[in-house]
> 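I have a structure here, written as structure tokens, and I will follow up with some questions on it.
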Number of protein chains: 2
Amino acid sequence: MIFDDFLRHRRGEQILPEDRAALESSVGEVRSLPARMTLVRKGEPVHFSTYLVEGLICRYMDDREGLRQLVAVHVPGDFVDLHAYPLKHLDHDLATLTACKIATVPHKNLDILMSDRPGLVKLLWFSTLLDAAMHREWIFRLGRLDAVARVGHFFCEIEAKLRAVGLSDGVSFELAMTQNDLGEACGITSVHMNRMLRMLKEQGLLEMRASRVQMLDRPALARLRARSESC
Amino acid sequence: MIFDDFLRHRRGEQILPEDRAALESSVGEVRSLPARMTLVRKGEPVHFSTYLVEGLICRYMDDREGLRQLVAVHVPGDFVDLHAYPLKHLDHDLATLTACKIATVPHKNLDILMSDRPGLVKLLWFSTLLDAAMHREWIFRLGRLDAVARVGHFFCEIEAKLRAVGLSDGVSFELAMTQNDLGEACGITSVHMNRMLRMLKEQGLLEMRASRVQMLDRPALARLRARSESC
DNA sequence: CGAATCTTTGAGTGGTTTCAAGGGCTGTGG
DNA sequence: CCACAGCCCTTGAAACCACTCAAAGATTCG
């Protein structure tokens with residue numbers, strides 16, 4: 001089923017079978033998308049929300065020179081732009097990083113869910129709050145960590161998300177992001193990202209070769225968080 | 001009434017009188033708090049949410065050396081930690097910046113609202129999505145802007161929030177934050193914040209003296225956003 | 001096999017931090 | 001009323017981290 005992975009990382013929040021069935025039946029269409037395709041542009045009115053089944057999707061904002069800052073990376077099982085439902089439009093852009101399979105859910109179907117299944121509403125709300133919590137981690141990362149630590153922190157986060165839906169064994173996983181993408185997520189240039197990856201490899205913490213990431217020393221990666229800019 | 005300023009910055013979302021009355025009646029207690037007091041610590045179970053009536057409240061995370069990164073600054077009219085309601089606990093700390101007047105709303109009262117007033121649920125959800133949108137602005141600010149631009153961007157944002165609830169006339173407003181606080185919000189040191197404020201003053205864009213901010217050239221402040229690190 | 005994209009590396013520059021010290025303001029107690 | 005403590009603001013000098021610019025090597029894809 002399409003929504004099998006939805007909120008799978010939050011076992012505390014069990015989804016009732018009826019609610020899940022309601023979700024399934026609210027799907028408009030299932031589509032395959034190519035890599036690096038813009039789904040929604042900032043400010044456009046949106047009439048459906050996107051659930052990610054396969055692949056990677058990112059949300060980003062850019063300055064007037066067109067330089068991107070990623071604000072989120074989504075993995076399968078994420079309801080990507082549920083935000084657009086109450087807000088009616090997005091304050092940022094949405095694009096695929098890799099080839100993706102998505103399910104679109106028309107907002108009018110969500111309206112029906114809202115009135116019919118109050119329990120599900122809380123779950124959907126909950127799901128957007130997890131996104132917000134993730135945003136806060138990104139703020140912390142960009143505001144308080146130096147480049148190496150940002151990279152370590154980012155990989156820890158993405159690995160945890162992938163593991164929750166069975167796409168990581170805890171050590172090694174696929175991540176089809178370029179060093180430029182990673183830089184746009186961590187607020188550093190692709191050149192510097194390259195140097196940070198080399199540093200992590202030399203220290204035996206993490207290795208990335210051709211879309212395959214190996215977390216060789218997870219505890220050490222997490223510890224980078226303590227070594228902030230100011231120390 | 002306590003909730004007069006709730007969502008006042010979003011005229012599109014009118015609150016029904018009955019809904020507002022229901023909100024008012026769900027208030028547990030109204031309290032005055034001193035400046036620089038921690039309200040909720042990360043991870044603690046929370047059984048009520050806080051609505052800010054007067055003063056400034058910040059949310060922050062810190063690294064192991066105790067260095068703070070603010071992730072949000074709240075002004076009167078903000079439902080500060082509605083997040084804690086579906087999530088049951090917070091992933092960050094909550095503290096007053098100035099002396100505050102708050103209204104606490106027990107979660108059991110929110111449970112009643114949830115079942116009785118479905119329209120209100122969407123409004124509360126909406127309110128947390130505005131916070132998330134603000135988080136994204138912060139990510140952008142920290143990831144893509146240099147120090148001057150971050151400061152300009154921050155003041156533009158806080159001014160807009162204050163203006164929405166009548167606490168700014170569009171040019172001048174009270175903001176009882178120290179240069180250290182501002183630095184913790186913008187991801188720079190207090191020393192550098194001092195230099196940036198001097199620079200803004202010398203260029204006639206903004207002046208801050210003893211908690212009073214004067215935005216002398218708002219368009220120019222907003223334009224700083226275009227001059228990213230890479231240019 | 002060639003073109004495009006991504007990765008890698010070096011050298012030089014610049015923005016921010018750190019360290020350090022002095023000045024100003026406010027509140028408190030003698 | 002003055003002295004003092006504490007906190008915040010201010011400024012300078014030096015070190016360092018990350019950026020820019022540039023060019024060459026590797027990989028992917030048509």
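Within every chain, numbering begins at 1; the chains are lettered A, B, ... in the order of the sequence lines, protein sequences first and strands thereafter.
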> Please report, rounded to the nearest Å, how far the P atom of C:dT8 is from the CZ atom of A:Arg209.
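It is 11 Å, rounded to the nearest whole Å.
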> Rounded to whole angstrom units, what separation is found between the CZ atom of A:Arg150 and the P atom of D:dC17?
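Answer to the nearest Å: 13 Å.
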> Does D:dC19 have its OP1 or OP2 closer than 4.0 Å to a side-chain nitrogen or oxygen of A:Thr189?
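For A:Thr189, the contact criterion (side-chain N or O under 4.0 Å from OP1 or OP2 of D:dC19) is met.
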> Do A:His47 and A:Pro106 have side chains that get closer than 4.5 Å, going by heavy atoms?
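A side-chain contact under 4.5 Å is absent here.
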> Can you tell me the distance, in whole Å, between the CE atom of B:Met193 and the C1' atom of C:dG15?
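Computing the B:Met193:CE to C:dG15:C1' distance gives 15 Å.
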> Which atom names give the shortest non-hydrogen contact between A:Leu70 and A:Trp138, and what distance separates them?
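Smallest interatomic distance, heavy atoms only, reads O-CZ3, 3.2 Å.
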> Contact between B:Arg31 and B:Thr50 at the side-chain level, heavy atoms closer than 4.5 Å - yes or no?
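No - every pair of side-chain heavy atoms lies 4.5 Å or more apart.
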> Taking A:Glu202 first and then A:Arg198, would you say they form a salt bridge - that is, a charged N and a carboxylate O separated by under 4.0 Å?
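So A:Glu202 pairs with A:Arg198 through a salt bridge.
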> In this structure, how many angstroms lie between the P atom of C:dT16 and the CE atom of B:Met199, rounded?
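After rounding, the reported distance stands at 8 Å.
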> Protein within reach of the bases, or only the backbone? For nucleotides 6-12 of chain D, mark each nucleotide 5' to 3' as B, S or -, using heavy atoms under 4.0 Å.
---SBBB
> Tell me whether the count of non-hydrogen atoms from other residues, nucleotides or ligands lying under 6.0 Å of CZ in A:Arg41 goes above 12.
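No, the 6.0 Å shell around CZ holds no more than 12 heavy atoms from other groups.
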> Which is true for B:Ala147 with a 4.0 Å heavy-atom rule: it touches a base, it touches only sugar-phosphate, or it touches nothing?
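Sugar-phosphate, backbone atoms only, no base.
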> Under 3.5 Å, is there a donor-acceptor pair between the B:Thr128 and B:Asp131 side chains?
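Side chains of B:Thr128 and B:Asp131: no pair found under 3.5 Å.
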> Look at the aromatic rings of B:Phe173 and B:Phe155 and report parallel, tilted or perpendicular, splitting at 30° and 60°.
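Because their plane-to-plane angle lies in the 30° to 60° range, the rings of B:Phe173 and B:Phe155 count as tilted.
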> Specify the separation, in whole Å, of atom CE of A:Met196 and atom C1' of D:dC19.
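So the two atoms are 12 Å apart, to the nearest Å.
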> Grab the CD1-C1' distance between A:Ile188 and D:dC17 for me, whole Å please.
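About 11 Å, once rounded to whole Å.
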> Give me the bend of the helix from C:dC1-D:dG30 to C:dG30-D:dC1, using the axes of the five pairs at each end, rounded to 10°.
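For the helix from C:dC1-D:dG30 to C:dG30-D:dC1, the axes at either end differ by 40°.
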> Starting from C1' on C:dT8, measure out to NE2 on A:His192 and report it in whole angstrom.
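Spelled out: NE2 on A:His192 to C1' on C:dT8 is 15 Å.
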> Is any side-chain heavy atom of A:Arg150 closer than 4.5 Å to one of A:Leu142?
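When only atoms from C-beta onward are counted, A:Arg150 and A:Leu142 do touch, with a gap below 4.5 Å.
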> Taking the inter-plane angle between the rings of B:Phe3 and B:Tyr51 on a 0 to 90° scale, is it parallel (under 30°), tilted (30 to 60°) or perpendicular (over 60°)?
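Judged by the thresholds at 30° and 60°, the geometry between B:Phe3 and B:Tyr51 is tilted.
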